[in-house]
Amino acid sequence: MKQAKRIRQPQGLLTVRIEGIPASAGYAEGPLFDLDRPPAAYRSKAGAAEEKAALKAAIGKALSRLTSLVENADGDAAGILEFHIAMLEDDALSGPAFVSIGSGEPADVAWRQALDGEIADYEASNQDYFRARAADLRDIRDQVLRALSEDSDLAASPGAILYGTDIAPTRFLETDWSSGGGIALKGGSSASHVAMLARSRGVPMVVGLGASADRPTGNALLDAEHGGIVFSPSPAELEAFRQSSSSFATRQGKAQAFLAQPAVTRTGTPVRVQVNIAYPSDVDGIDIETCDGVGLMRTEFLFGKSLPDEETQYHAYRKVLEWAGDKPVTIRTVDAGGDKPVPGFTVEETNPFLGLRGIRLSLARRDIFRVQIRALLRAAVHGNLKVMFPMIATAEEYSQAAALFAEEQAALAMGGAAHKLPPLGIMVEVPSVAIAPEAFANVAFFSIGSNDLTQYVMAAARDNAAVAPLNSVRHPAVLRLIASVAAFGREQGIPVSLCGDAGGDPAAIPALLEAGLRDLSVAPAQLAMAKAAIAGVSV
Ligand code: PEP
Ligand code: MG
């Protein structure tokens, strides 16, 4: 349970300090913007015809806002916005509201009732995917309500700290972050879509601050490096905060000097630093000279609204391979399930993190897996491809997946299609593999997935703020497993890298190098800081 620390200042002002979990590193100082503020009151119209016209206009206004946002969005952000547009354009969603207006309800009440009914259905689902969609529907509901009440105070002022229970993706996308600002959430998760967006755009964000009885106003200090917020800060508090913030900015500035150089430790040991990407378009913003290749390309993005065909996949993989030239690109076969459900592919389960996810699902649905395998085999001729399998627990799973590659390769050869068999490796993220890696002496490489390995070793979900302190890669049990996998790789001549989020965390890097790792893969925005942290370690 979160404890708020309250300190009364000499002039009577009450300083409140609350700790949370950093989701995107940085500092922000500014006025609070209340994310939980209800929209302004709606002024009812003269009759049903006018109410209907008002709702129609409000939906139109929300749609045009979304359309202009989608123009500047890519990848994940574009996917979220397109879903919102599709929902708003669907008469099945707005139909019941227009019927209620016909029976005498004002537009705002009718719209809220219609949407709340839908939201309740989504929230009651036992599937994460649909529960996550409930948040999208709340976002859509509120956008139209704001348009209806002509809420002029829609945007946060530049540099504000957005504080509330949770934040809608559209709120993040329409906020102008160019003059600073940050996000402080009572709930939220560092694995959420907005947290991913915040990290890639360098917006400071803290989650898991817990519900607070206070309704703070005025200025606040957000420390998203260590995880915390201060309301009504004292002058001493303000000074200490500004010192930490400027030291962070200095470290970031200095880190830029490391970006263009290969990473080496203080004692001259070279360390490979690759990047993790989630969308082919991610590479557009990265200079290939600043990294040693792609250590993890996730492919779940392909499995959005429908299952992707072979051509779509082939072009997505080829784009990244051509961008990387002769540097390696490690593409992971689809890791659906768990925190990444895909309609029409993943199954309903009571405990999806321990269920049919990753390679287990791909082997259960070989029709779908074979399409991805063919696209990978064909794309392999365009660069230095390596392929890895997620959530491997047994050697048998690896052999079955490798056999499918051999079968599809033979079929492509028969048909005369250009293709190449890439080296096949595995993610080390299930404890069974890390404890007994000797069963995998025949794989081409290991890539340690510290996000999942940590949650399974510590029995602490990666997306649950309440157990975040337990979910630590620096726990001796996790580090010992990482060190033993690194040692096994050295003995057997099997390359070992790490592609979990810990690889980009300056606080975890010394321990990872100490554990014997010399190959990390990090989020592109973390490249400079990771290289700078490596330069400070003596191994
Ligand atoms: C991991 O588990 O560390 C990993 C890199 O994979 P993901 O975060 O996609 O599960
Ligand atoms: Mg994983």
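In each ligand, atom 1 is the first atom listed, and ligand 1 is the first ligand listed.
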| request: State the atoms of ligand 1, each with its element, that fall below the 4.0 Å cut-off from a heavy-atom position in Asp335. | output: 10 (O)

| said: Measuring centre to centre across the rings, with the benzene-like ring taken for any Trp, is Tyr314 within less than 6.0 Å of His382? | reply: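 For Tyr314 and His382, the ring centres are under 6.0 Å apart.
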
Donor-acceptor pair, distance only, cut-off 3.5 Å: does the side chain of [X] make one with the backbone of [Y]?
X      : Y      : answer
Thr290 : Ile286 : no
Gln455 : Arg462 : yes
Lys327 : Ile288 : yes

Side chain, backbone, both or neither: [X] near ligand 1, heavy atoms under 4.0 Å:
X      : value
Leu296 : side chain
Arg332 : side chain
Glu300 : neither

| task | Please say which of Val433, Val430, Leu361, Leu356 ends up in a side-chain contact (heavy atoms from CB on, under 4.5 Å) with Met391. | result | Val430

| request: Please confirm whether Arg298 comes within less than 3.5 Å of ligand 1 when only nitrogen or oxygen atoms on both sides are compared. | output: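 So ligand 1 has an N or O lying under 3.5 Å from an N or O of Arg298.
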
| query | In Glu429, the N, O or S atom nearest to the Mg ion (ligand 2) is which? | reply |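 Going by distance to the Mg ion (ligand 2), the closest N, O or S atom in Glu429 is OE1.
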
| query | Within less than 2.8 Å of the Mg ion (ligand 2), any N, O or S from Asp452? | reply |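 True for Asp452.
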
